[in-house]
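Scroll down for the structure; my scribbles are underneath it.
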Amino acid sequence: MKKIKIEICCGTTCFMLGSNDLLNIENEMPPELRGKAEIVALPCLELCNESKLAGAPYVRINGEVIEQANQEKIYAKMYALLEE
Ligand code: FES
């Protein structure tokens, strides 16, 4: 099965607003999700311009942007993708 691609923005804005807490997410995932994702840290995704600052930290999951990303949102998206 193809792994889910999780791209975590580690640009300054996202990093300061919490993406640093997501870098270790693989180790904190529920057991049924572990090993099912490829996790990549990327520089600024260019989504944090003035009007969208409030959306940080940004994460892309299989190309879909998740705003104000946190563990719960990432897990929910992963479960949804695994059910497809
Ligand atoms: S720092 Fe994350 S989108 Fe710019």
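- Residues satisfying the side-chain contact (heavy atoms from CB on, under 4.5 Å) test with A41, not counting sequence neighbours, are C10, L23.
- E28 has its side chain out of reach of L22: every pair of non-hydrogen atoms, C-beta onward, lies at least 4.5 Å apart.
- Minimum heavy-atom separation, C48 to C44: SG-SG, 3.6 Å.
- Taken from CG in L33 to CD in Q71, the straight-line distance is 11.0 Å, to the nearest 0.5 Å.
- Of the options I8, I61, I74, I6, a side chain to side chain contact (heavy atoms under 4.5 Å, CB included) to I66 is made by I61 and by none of the others.
- Counting Ile, Leu, Val, Met, Phe, Trp and Tyr side chains that sit under 4.5 Å apart, directly or through other members, L42 shares a hydrophobic cluster with V40, L45, L47, Y58, V65.
- Put simply, the side chain of R34 gets close to the backbone of M29: a donor and an acceptor are under 3.5 Å apart.
- Using modelled atom types, no side-chain atom of K5 and backbone atom of A37 make a donor-acceptor pair closer than 3.5 Å.
- Between A69 and V59 the shortest heavy-atom distance is CB-CG2, 3.4 Å.
- Evaluation of the side chain to side chain donor-acceptor pair (under 3.5 Å) test over residues 75-84, restricted to residues two or more places apart or in two chains, returns E32-Y79, E64-K77.
- One N or O on the side chain of Q68 and one on the backbone of A54 form a donor-acceptor pair closer than 3.5 Å.
- Salt bridge status for K3 with E38: absent, with no side-chain N to carboxylate O gap under 4.0 Å.
- Legend: residues meeting side chain to side chain donor-acceptor pair (under 3.5 Å) with E67, ordered by chain and number and at least two apart, are absent.
- Counting only residues at least two apart or on different chains, the side chain to side chain donor-acceptor pair (under 3.5 Å) pairs with a member in residues 12-26 are N24-N27.
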